[in-house]
Every structure is written in structure tokens, then in C-alpha cells.
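Worksheet: the structure to be examined is printed underneath.
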Amino acid sequence: MKRQTTHPATVVLIHVFCIVYPAAGVSRCFTLLRGVSTTTPLCQGVPGAVWKLGKLNHIAIAVPDMERATALYRDVLGATVSDKVPLPEHGVYTVFVELGNTKLELLHPLGDKSPISGFLQKNKSGGMHHICIEVDDIKAAVADMKAKNIRTLSAEPRIGAHGKPVMFLHPKDCDGVLVELEEA
């Protein structure tokens with residue numbers, strides 16, 4: 001019996017789910033991953049694909065009050081947080097919360113045309129905005145995603161909050177999750 005091909009975005013989301021929600025339990029994660037080949041690279045099927053999927057870099061959370069959210073993670077939970085940094089080219093302010101194995105990125109609108117403003121209009125209390133996963137070659141990863149009919153939110157990678165090239169994948173093609181790929 002031949003295994004059904006699993007969409008790469010689905011595999012990524014299952015792994016992220018298991019990392020972010022450890023309370024789901026190991027057996028639930030194994031059930032989700034059943035039938036997914038771990039020996040087959042995610043970039044299979046595209047001749048010459050040479051990129052590799054890396055670790056979860058961060059989970060981004062849109063917040064209506066940056067100072068309050070920063071204080072929660074710093075003062076209440078005891079995390080190390082960065083300074084607030086404006087990223088006008090992305091229309092956001094960012095604060096990174098260090099968690100040891102990954103980071104949280106707090107996002108707050110910067111300017112009238114911020115994509116976070118629209119998100120917060122629909123989600124008044126804020127919430128998870130996107131996940132960011134590292135790749136070793138952003139151009140190869142983007143070409144591969146486009147070849148697999150995964151839409152991107154811009155034509156070319158842009159420089160992200162870490163000063164590295166990033167590309168956002170359309171949430172409608174990634175099981176409802178906005179995925180950011182960042183070159184490691």
C-alpha cells in the first residue's frame with residue numbers, strides 16, 4: 001500500500017502543534033504524524049530543490065497594548081524581553097520575548113496602513129498572528145513553495161525583524177495559519 005503524500009505545510013503545522021501544545025500529549029502527536037514519512041525530505045518532488053526546513057524561530061502575537069503585553073511577559077512571567085523596535089516597512093512595532101527554545105514576537109500597529117490594525121479590529125483582545133520557521137535558503141524555499149502552488153504574500157523576500165530575508169505564505173494554503181519563512 002502506497003503512502004499518501006502529505007502536504008509540507010501540514011507536516012510543519014503538526015510539528016509546531018506538538019511543540020507549542022505539549023499538553024496535547026505524545027500519543028496525540030504520534031496519531032497526527034501517523035502515515036507521514038520522516039525519511040522523505042519536505043522538498044521532495046521538485047528537481048534541484050536544495051533547501052531544508054529548520055527550527056521554529058518564533059510565534060507572533062498581535063497585541064492591542066504593547067506596554068501591557070511586555071509587562072506581562074517581563075514582570076509577571078519573568079521572561080527576558082527586547083526593547084520595542086519600530087519596523088516601518090512592515091507597519092509594526094516588535095518586542096521579542098526569549099523562551100529558551102524559541103521566542104514570542106509581540107506585534108503592535110505602526111501607522112494607519114499596518115496589517116496588524118486590521119487583525120486587531122477583528123480580534124479586539126489580540127491573538128496569535130503567525131508562526132515563523134527557519135529555512136537554510138529562502139530563495140530556494142520560496143521557489144519550491146510556488147512550484148507546489150503555495151501562494152506568497154509578496155513577490156520577493158523582504159528583510160524581517162531579525163535583519164534576515166523573510167517570506168510570508170498565504171494562510172489559505174497553509175491550513176489557516178500565516179507562515180513566515182526566515183533564512184537562518
Side-chain angles (χ1 to χ4, degrees), residues 7-20 41-44 46 48-63 66 69-70 73-74 79-111 113-120 126-184:
H7 194 282
T10 301
V11 175
V12 169
L13 292 173
I14 291 169
H15 283 281
V16 169
F17 173 82
C18 294
I19 291 167
V20 175
L42 292 177
C43 55
Q44 76 178 22
V46 178
V50 294
W51 68 280
K52 291 182 183 175
L53 192 64
K55 69 177 186 166
L56 175 68
N57 183 283
H58 66 266
I59 298 170
I61 302 171
V63 298
M66 182 65 90
T70 301
Y73 290 99
R74 182 189 57 230
T80 301
V81 300
S82 72
D83 291 331
K84 181 167 82 170
V85 176
L87 295 175
E89 64 277 10
H90 292 277
V92 297
Y93 288 102
T94 64
V95 168
F96 280 94
V97 179
E98 295 293 329
L99 298 178
N101 62 343
T102 193
K103 297 179 281 294
L104 298 178
E105 179 185 33
L106 305 180
L107 299 171
H108 187 73
L110 171 62
K113 296 182 181 181
S114 172
I116 300 304
S117 292
F119 183 91
L120 289 173
M128 189 181 107
H129 185 262
H130 69 267
I131 63 170
C132 177
I133 303 168
E134 295 178 358
V135 296
D136 66 345
D137 183 336
I138 191 78
K139 289 185 179 185
V142 168
D144 193 30
M145 291 297 97
K146 288 180 178 181
K148 292 176 178 171
N149 296 317
I150 304 294
R151 291 173 286 174
T152 60
L153 297 189
S154 61
E156 295 294 323
R158 298 187 309 175
I159 299 302
H162 296 115
K164 298 177 181 181
V166 300
M167 175 62 78
F168 285 89
L169 306 180
H170 200 293
K172 288 185 179 177
D173 297 338
C174 298
D175 297 321
V177 177
L178 179 59
V179 177
E180 178 185 20
L181 300 179
E182 177 181 277
E183 190 162 90

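Just so it is clear, the model here is predicted, and its values are computed rather than measured.
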Looking at every non-hydrogen atom in both residues, tell me the closest pair between Pro109 and Ser114 and how far apart they are.
CA-OG, 3.4 Å
Assess whether a salt bridge exists between Lys52 and Asp136, defined as any Lys/Arg side-chain N lying under 4.0 Å from an Asp/Glu carboxylate O.
no
So how far is it from Met128 CE to Leu107 CG, rounded to the nearest 0.5 Å?
11.5 Å
Which value, rounded to the nearest 0.5 Å, describes the distance between Leu169 atom CG and Leu178 atom CG?
8.0 Å
Nearest 0.5 angstrom please: Leu87 CG to Leu110 CG, how far?
8.0 Å
Should we say atom NZ of Lys172 is surrounded by more than 12 heavy atoms from elsewhere, each under 6.0 Å from it?
no
Could you tell me if the side chain of Ile138 sits less than 4.5 Å from the side chain of Glu182, heavy atoms only?
no
Is any side-chain heavy atom of Ile150 closer than 4.5 Å to a side-chain heavy atom of His170?
no
Interatomic distance, NE2@His108 vs CE@Met66, rounded to 0.5 Å, equals 7.0 Å
A side-chain contact here means heavy atoms from C-beta on lying under 4.5 Å apart; do Ile133 and Leu53 qualify?
yes
Looking only at heavy atoms, which two atoms of Gly126 and Leu120 are closest? And how far apart?
CA-CD2, 3.6 Å
I want to check something: taking the side chain as every heavy atom from C-beta on, are Met145 and Asp173 in contact at a cut-off of under 4.5 Å?
no
Just verifying a value: how many Å separate His162 NE2 and Cys132 SG, rounded to the nearest 0.5 Å?
7.0 Å
Report yes or no: does Glu183 contribute a side-chain atom to a donor-acceptor pair with the main-chain N or O of Pro165 at less than 3.5 Å?
no
Run Thr102 and Ile59 through side-chain contact (heavy atoms from CB on, under 4.5 Å) and show every step you take.
CA-CA 8 Å; Thr102 193; Ile59 298 170; 5.5 Å; no
Can you spot which of Ile61, Val63, Val81 makes a side-chain contact (heavy atoms from CB on, under 4.5 Å) with Val95?
Val81
Do Val166 and Leu181 have side chains that approach each other closer than 4.5 Å (heavy atoms only, starting at C-beta)?
no
Measuring from atom SG of Cys174 to atom CZ of Phe168, what distance do you get when rounded to the nearest 0.5 angstrom?
12.0 Å
Evaluate whether atom CD of Glu89 has more than 12 neighbouring non-hydrogen atoms of other residues, nucleotides or ligands under 6.0 angstrom away.
yes
Could you report the tightest heavy-atom contact between Gly127 and Phe119, atom names first, then the distance?
O-CE2, 3.8 Å
His58 pairs by side-chain contact (heavy atoms from CB on, under 4.5 Å) with which of Glu134, Glu98, Glu105?
Glu105
